[in-house]
Amino acid sequence: MLVVCLLWGANFSITKLGLQQIPPLGFTAIRFTSASIVLWLVLRWWEGPAPLPPRTIWLLIWLGVLGNTIYQICFMLGLDLTSATHSALIISTVPTVVAVLAGIFRLERITSRMIWGIAIGTIGVVIVVSARGHGVVPGSLTGDLITVGAVLCWSVYTLGLRKVPESVSPLRVTSITMITGTPGLILAGLPDLFRTNWRAVTLAGWGSVAYAALLSLVLAYILWNNSVRVIGSSRTAVYLCITPIFAVIIAWFALGEQPAPIQALGAALIIWGVLLSRR
């Protein structure tokens, strides 16, 4: 999971650089099409065909649409409209949202410590999102709110993984959910794909797509899904509080997004709230 945190932390800046040459939904369509082909080939080579019960197939299709189609559209549009720093800090609230939803659906018990953690983390998000003064990393309120929608999608997806039978391997879960989530992303990305000047896309732009597809998607998703199975959804999700640390540091050096003191305070409250709610 520490490897996943590093991969996803770097993905904010690397994707942000790629979006300078390829529009967000077109970028996502290429990224997921490439990742789906690679995963399908790896799955066929590693495990071969394995029929699944219709109930499991429909569950994986639903998870693919929610955790890939809808989540990625929200994530990419949000990232395109706000800063990499804002996006990473908002995404870091996933563990708290997972804990809240797990309590609502009676998968876990909501404790007083969790309530305090949620309150503190929420204050941190409000500080980060509302920071618009001099020296603060610029970000769009619209992009921030769209990213909040991405948080809700990924949280429900993470809880939904718990319903997948243990007989289905993490590789198969990752492959099926990604393949079923890709058609919607292709349809959403068609306008961007047609109006992009592909001759102007540099090697760095294609490198950004390759990183986002092979490392941030294929490798990281397999590790994430395997971790949910081994240690549970909440304990897996809590690692996301480390992701913004990597993301902010990398964005500082790669994009020049120097965090301001007010944002550091908001980030500290988010991480404190997440750790407190999961203790």
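Counting from 1, the numbers follow the sequence of the chain as shown.
- Checked against the 6.0 Å centroid threshold, Trp40 and Trp45 do not count as a close aromatic pair.
- Every residue meeting the side chain to side chain contact (heavy atoms under 4.5 Å, CB included) condition with Trp252, not counting sequence neighbours, appears here in chain and number order: Gln258, Pro259.
- Between Phe12 and Ile250 the shortest side-chain heavy-atom distance does not fall below 4.5 Å.
- In the hydrophobic clustering of ILVMFWY residues, with side-chain heavy atoms under 4.5 Å counting as a link, Ile37 and Tyr211 come out apart.
- Scanning all heavy atoms of the two residues, the minimum distance from Gln21 to Ala200 falls at OE1-O, 3.8 Å.
- Listed by chain and residue number, Glu47 satisfy the side chain to side chain donor-acceptor pair (under 3.5 Å) test with Ser169 (two or more places apart in sequence, or in another chain).
- Taking CG from Leu6 and OG from Ser216, the interatomic distance works out to 11.0 Å, rounded to the nearest 0.5 Å.
- Nearest heavy-atom pair across Ala220 and Trp8 is CB-NE1, 3.4 Å.
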Report task. Verify side-chain contact (heavy atoms from CB on, under 4.5 Å) between Thr202 and Trp206, making sure each step is shown before the conclusion. Result -> CA-CA 7 Å; Thr202 65; Trp206 289 116; over 6 Å; no
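- Side-chain atoms of Thr93 come within 3.5 Å of backbone N or O of Ile90 as a donor-acceptor pair.
- The closest donor-acceptor contact from the side chain of Lys16 to the backbone of Leu79 lies under 3.5 Å.
- The backbone N or O of Ala204 sits nowhere less than 3.5 Å from a side-chain atom of Ser208 that would complete a donor-acceptor pair.
- The main-chain N or O of Leu43 is never found under 3.5 Å from a side-chain atom of Arg172 such that the two would form a donor-acceptor pair.
- No single ILVMFWY cluster, assembled from side-chain heavy atoms under 4.5 Å apart, contains both Ile179 and Leu161.
- Neither Leu19 nor Leu203 shares a network with the other; the hydrophobic side chains, linked directly or stepwise wherever heavy atoms of I, L, V, M, F, W or Y lie under 4.5 Å apart, form separate groups for each.
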Requested in this report: Determine, stepwise, if the pair Leu223 / Val3 fulfils side-chain contact (heavy atoms from CB on, under 4.5 Å).
Outcome: CA-CA 9 Å; Leu223 294 176; Val3 173; 4.3 Å; yes
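- Side chain of Trp198 to backbone of Leu193: a donor-acceptor contact under 3.5 angstrom is found.
- Smallest separation of non-hydrogen atoms from Ala247 and Ser13: O-OG, 4.4 Å.
- One distance of note links CE of Met1 with CG of Asn226; it measures 10.5 Å at 0.5 Å rounding.
- Every side chain to side chain donor-acceptor pair (under 3.5 Å) that Ser36 has, sequence neighbours left out, goes to Thr182.
- The shortest non-hydrogen separation linking Gly143 to Leu81 is CA-CB, 3.7 Å.
- Within the 4.5 Å cutoff, the side chain of Leu171 has heavy atoms near those of the Leu39 side chain.
- When the side chain to side chain donor-acceptor pair (under 3.5 Å) test is applied to Thr15, the partners found at least two apart in sequence or on another chain are Asn11.
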Would you mind writing out the side-chain donor-acceptor pairs for residues 66-78 within the sub-3.5 Å range, not counting sequence neighbours?
unit_1, atom_1, unit_2, atom_2, d
Asn68, ND2, Thr177, O, 2.7
Thr69, OG1, Gly181, O, 2.6
Gln72, OE1, Arg31, NH1, 3.0
Gln72, NE2, Tyr221, OH, 3.3

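- For residues 184-211, the set of pairs meeting the salt bridge (charged side-chain N to carboxylate O under 4.0 Å, His left out) definition, not counting sequence neighbours, comprises Asp192-Arg195.
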Report task. Please assess Trp62 against Thr180 for the test side-chain contact (heavy atoms from CB on, under 4.5 Å), listing each intermediate value before the final yes or no. Result -> CA-CA 8 Å; Trp62 176 79; Thr180 56; over 6 Å; no
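- Side chains of Trp154 and Trp224 form a contact here, defined as non-hydrogen atoms less than 4.5 Å apart.
- With hydrophobic clusters built from ILVMFWY side chains whose heavy atoms lie under 4.5 angstrom apart, Trp46 does not share a cluster with Leu41.
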Query - Worked verdict on Val151 versus Ser155 for side-chain contact (heavy atoms from CB on, under 4.5 Å) - result: CA-CA 6 Å; Val151 167; Ser155 300; 4.1 Å; yes
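- From Ile186, atom CD1 reaches atom OG1 of Thr28 across 11.5 Å, with rounding to the nearest 0.5 Å.
- Put simply, CG on Asp80 and OG1 on Thr142 are 12.0 Å apart, with the number rounded to the nearest 0.5 Å.
- Closest of all the heavy-atom pairs between Asp144 and His86 is OD2-ND1, 3.2 Å.
- At distances below 3.5 Å, not a single donor-acceptor pair connects side-chain atoms of Thr56 with backbone N or O atoms of Leu52.
- Using a 4.5 Å heavy-atom threshold, the side chains of Val38 and Leu217 count as separate.
- Between the OG1 atom in Thr174 and the CE atom in Met178 there is a gap of 6.5 Å [rounded to 0.5 Å].
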